[in-house]
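Here the structure is a predicted model, which is why all the values come from computation and not from measurement.
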Amino acid sequence: MILVSVAALTLLGACSNGEKTARYLIDPPLSGERVPDRLGTAELKDVSLPEYASGDEVSWQTGDGAVRSNTKELWADNPQRAFTQTLARTISDLSGATVIAEPWPLAEPPRRRLEVRVEKALAQADGVYRLSGRYFVADDVAGGANQARSFDISVPLATDAGPGAIARAQSQAIAQLARQIAVLGGPGRSVRTSSPPMPRMDDIFSQPLPPLEDS
């Protein structure tokens, strides 16, 4: 009985050994480049990621086309949160715009709303990390420019093509995406807001009532 307990404790200790689990950060390199501010203040919605890219494990594609992962090779943070926060910070650093991930924390509301929908975020079997999808910039002010544009970014993977190389390639791809969004670049179109949006009911009822007139 004692031997069984010792064996169980040994197995539990081996399973919980954090040194056997590698965690990788999303950390775009600093380029020092500056571009004009074309966003002003913008709230970035949580980035939409494919299911295989939103899990804790680092994923890659093998020669048979399958997307695989390893339970010992993990992202250091929730992928959606890390992608969203990193993208917002990088756009802000590049352009001087105030881009903040939702929820918006400031009393003054943002001028624009930014949404990114990623269709592919994968270290492909051909040795290239591919980041593609669409992004949208909504400007509610009359005459404001609304953007609906696509992106398709490819970053060569290092020869080792391990999780560390994948993390570095993804970080570089996010930096490229941040620059594209900051300059409102990429295939797509711009649509002018024809009229300001209708006020929401909670905005209407939040206004003070007019004073009563004396009879």
Original post:
Nearest 0.5 Å, what's the CD1-NZ distance between Ile153 and Lys120?
Top reply: 14.0 Å
Subject >> salt bridge (charged side-chain N to carboxylate O under 4.0 Å, His left out) partners of Asp56, counting only residues at least two apart >> reply: none
Original post:
Any sub-3.5 Å donor-acceptor pair from Arg112's side-chain atoms to Val137's backbone N or O?
Top reply: no
**OP:** Search all heavy atoms of Ala76 against all heavy atoms of Leu25 and return the closest pair with its distance.
**Re:** CB-CD2, 3.5 Å
Using distance only, find each side-chain donor-acceptor pair of residues 94-101 under 3.5 Å and give its atom names and separation, not counting sequence neighbours.
{"unit_1": "Ser95", "atom_1": "OG", "unit_2": "Ile91", "atom_2": "O", "d": "2.8"}
{"unit_1": "Ser95", "atom_1": "OG", "unit_2": "Ala97", "atom_2": "N", "d": "3.2"}

Subject >> Intermediate values then yes/no, side-chain contact (heavy atoms from CB on, under 4.5 Å), Val118 and Phe83 >> reply: CA-CA 11 Å; Val118 175; Phe83 195 116; 4.2 Å; yes
**OP:** Any chance you could measure Gln172, atom CD, to Leu177, atom CG, to the nearest 0.5 Å?
**Re:** 14.0 Å
Original post:
Between CD of Glu73 and CH2 of Trp60, what distance do you get to the nearest 0.5 Å?
Top reply: 6.5 Å
Original post:
Between Ser150 and Gln180, what is the shortest heavy-atom contact and its length?
Top reply: O-NE2, 2.8 Å
**OP:** Give a yes-or-no answer on whether the side chains of Asp140 and Thr193 include a donor-acceptor pair shorter than 3.5 Å.
**Re:** no
**OP:** Indicate yes or no: at least one non-hydrogen side-chain atom of Val155 is less than 4.5 angstrom from one of Gln176.
**Re:** yes
Original post:
Under 6.0 Å from the CG atom of Leu106, do we count more than 12 heavy atoms belonging to anything else shown?
Top reply: yes
**OP:** Would you mind reporting whether Thr71 and Glu57 have side-chain heavy atoms less than 4.5 Å apart?
**Re:** yes
Subject >> Side chain to side chain, Phe151 and Ile181, heavy atoms closer than 4.5 Å >> reply: no
**OP:** Could you list all the side chain to side chain donor-acceptor pair (under 3.5 Å) pairs where at least one residue sits in residues 37-55, not counting sequence neighbours?
**Re:** Glu43-Lys45
**OP:** Taking all heavy atoms of Leu157 and all of Tyr129, pick out the closest pair and write down the distance.
**Re:** CG-N, 3.9 Å
Original post:
What distance separates Leu87 CG from Ser92 OG, expressed to the nearest 0.5 Å?
Top reply: 9.0 Å
Original post:
Short question: side chain of Asn146, backbone of Asp139 - any donor-acceptor pair under 3.5 Å?
Top reply: yes
Original post:
Is Arg130 close to Leu122 at the side-chain level, that is, under 4.5 Å between some pair of heavy atoms?
Top reply: no
Original post:
Can you name the nearest heavy-atom pair linking Arg168 to Ala158, along with the distance?
Top reply: NH2-CB, 4.5 Å
Original post:
Can Glu115 and Arg117 be counted as an ion pair, charged N to O under 4.0 angstrom?
Top reply: yes
Original post:
Which value, rounded to the nearest 0.5 Å, describes the distance between Arg189 atom CZ and Arg149 atom CZ?
Top reply: 10.0 Å
Original post:
Does a side-chain heavy-atom distance below 4.5 Å link Asp77 with Ile26?
Top reply: no
**OP:** State, without any angle test, whether Gln147 and Tyr135 hold a side-chain donor-acceptor pair at a distance under 3.5 Å.
**Re:** no
**OP:** Treating Ile, Leu, Val, Met, Phe, Trp and Tyr as nodes and any side-chain heavy-atom pair under 4.5 angstrom as an edge, say whether Ile174 and Leu184 lie in one connected cluster.
**Re:** yes
Subject >> Smallest separation among heavy atoms of Ala167 and Tyr24, with atom names >> reply: CB-CB, 3.9 Å
Subject >> Considering all heavy atoms, the nearest Thr84-Gln80 contact >> reply: OG1-O, 2.8 Å
